[in-house]
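We count ligands from 1, going down the list as the structure has it; atoms in each ligand are counted the same way.
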Amino acid sequence: MTILVAAPELATTPWANALRRYAPDRRVVVHGTDDYAPDAVRYALVWRPPQGLLAGLANLEVIFNLGAGVDALLADPSLPDRPVVRLVDQDMATRMGEWITLQVLTHHRQALDYWRQQQARQWCEREQPAAGAVRVGLMGYGVLAAHCARILAAIGFRLHGWTRTHRAADVPLYVGPSERAAFLAQTDILVVLLPLTAHTRGILDADLLAGLARDGALGGPILVNAGRGGLQNEADILAALRSGALRGASLDVFQTEPLPPDDPLWAAPNLVITPHCAAVSQPSSAAAIVAEQMARYEAGAPLACVVERGRGY
Ligand code: NDP
Ligand code: OXD
């Protein structure tokens with residue numbers, strides 16, 4: 001039985017080697033490198049595979065996505081009707097927790113202002129609100145956001161979340177479009193960990209930004225997005241940063257990646273840009289999870305973390 005790794009944007013050798021370590025009884029092949037018979041492929045491990053590739057695998061049983069977000073995969077109109085399993089991995093949550101906390105604290109502790117002061121050799125203490133005076137709203141309260149919330153709560157921030165459906169959570173939750181305005185109105189720092197779906201595309205626009213709290217301890221709202229670039233109306237975010245409607249932002253994801261060198265966002269005031277590196281999947285931990293899922297599946301147990309195609313995540 002063959003496992004196919006198809007991830008043209010990733011260094012595939014570490015993925016194939018990690019899989020061989022955790023699933024030594026299988027044949028692991030890499031698309032574009034190894035010869036393989038398409039009909040022998042039973043499992044595919046993919047990250048943005050070429051469109052149409054999976055449709056040509058007649059005996060494919062399960063598609064494992066090597067990341068948490070499946071928007072690119074679901075965009076393939078020929079995607080076969082097989083279970084798509086997304087990556088849910090403690091290592092990824094830990095990394096996302098680090099990135100989100102870094103960005104929230106960067107804005108909360110005025111690191112960009114202090115950096116500018118340092119460049120100008122200025123010794124000037126700034127007034128600093130307590131974490132407990134700052135309200136962080138988590139837009140999307142899934143696996144990653146819930147982990148980030150635990151860290152932010154330990155620091156002392158006041159937290160609330162926004163989801164599509166009612167669910168148990170350790171922070172107050174607002175649910176659906178009807179509660180969005182109330183969620184935004186009490187948010188000083190908006191942390192976005194939404195998937196990109198038909199309902200969330202372009203959601204971070206001028207209308208949403210205008211709904212954020214303006215009476216907060218930081219003197220203006222902050223946007224932190226590690227979800228997907230497709231959530232962003234980047235012209236609206238740029239205008240808000242320039243006008244001061246947004247006091248600051250941190251973006252890890254963009255409509256076009258890599259962000260083109262001439263994109264005006266590079267020069268936007270009070271904006272931190274990182275190159276979609278908030279929580280990169282690691283072969284060592286992810287391959288172990290995938291191998292365990294295969295073993296469970298073959299033992300007749302249901303697969304975990306299966307994407308609901310109808311809702312898009
Ligand atoms: P989950 O599926 O666990 O959580 C998604 C959350 O978004 C859920 O709370 C869900 O609501 C909510 N949601 C989805 N659609 C809507 C909607 N229309 N309105 C309101 N809430 C909505 O995902 P993860 O936490 O694992 O990952 C989130 C995203 O983070 C990924 O999809 C990916 O795009 C991004 N990501 C980015 C990385 C990076 O390095 N920048 C790394 C990894 C992930 P409900 O609870 O009701 O289902
Ligand atoms: C993911 C990502 O979705 O890295 O896992 O963006």
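The protein non-hydrogen atom at the shortest distance from atom 2 (C) of ligand 2 is His276 NE2, 3.6 Å. Counting only heavy atoms of the protein, atom 5 (O) of ligand 2 lies nearest to Ala68 N, 2.7 Å.
In the candidate list Trp162, Trp99, Tyr174, Trp162 is nearest to atom 20 (C) of ligand 1, counting heavy atoms. Selection from Glu308, Glu179, His276, Arg228 by nearest heavy atom to atom 33 (C) of ligand 1 gives Arg228.
Thr12 and His31 form no side-chain donor-acceptor contact under 3.5 Å, judged by distance and modelled atom types alone. Counting only N and O atoms by type, the side chains of Gln117 and Arg126 include a donor and acceptor under 3.5 Å apart.
Of all atoms in ligand 1, listed by their number and element, those nearer than 4.0 Å to a heavy atom of Arg167 are 45 (P), 46 (O), 48 (O). Ligand 1 places these atoms under 4.0 Å from at least one heavy atom of Met96: 37 (C), 38 (C), 39 (C), 42 (C). If you number the atoms of ligand 1 from 1 as listed, the ones under 4.0 Å from a heavy atom of His199 come out as 18 (N). Near Leu193, with a cut-off below 4.0 Å to any heavy atom, the atoms of ligand 1 are 28 (C).
The closest approach between Leu196 and ligand 1 stays at or above 4.0 Å for every heavy atom of the residue. The closest approach between any non-hydrogen atom of Arg180 and ligand 1 is not below 4.0 Å. Under a 4.0 angstrom heavy-atom cut-off, Gly67 registers as lying outside contact with ligand 1.
Heavy-atom minimum distance, Asp170 versus Tyr141: OD1-OH, 2.6 Å.
Cation-pi check for Arg20 over Tyr22 is not met; the charged atom does not lie both under 6.0 angstrom from the ring centroid and within 45 degrees of its normal.
Between Phe157 and His108, the ring-plane angle classifies as perpendicular under the 30° and 60° cut-offs.
Atom CZ of Arg164 sits in a crowded spot, with more than 12 heavy atoms from other residues, nucleotides or ligands closer than 6.0 Å.
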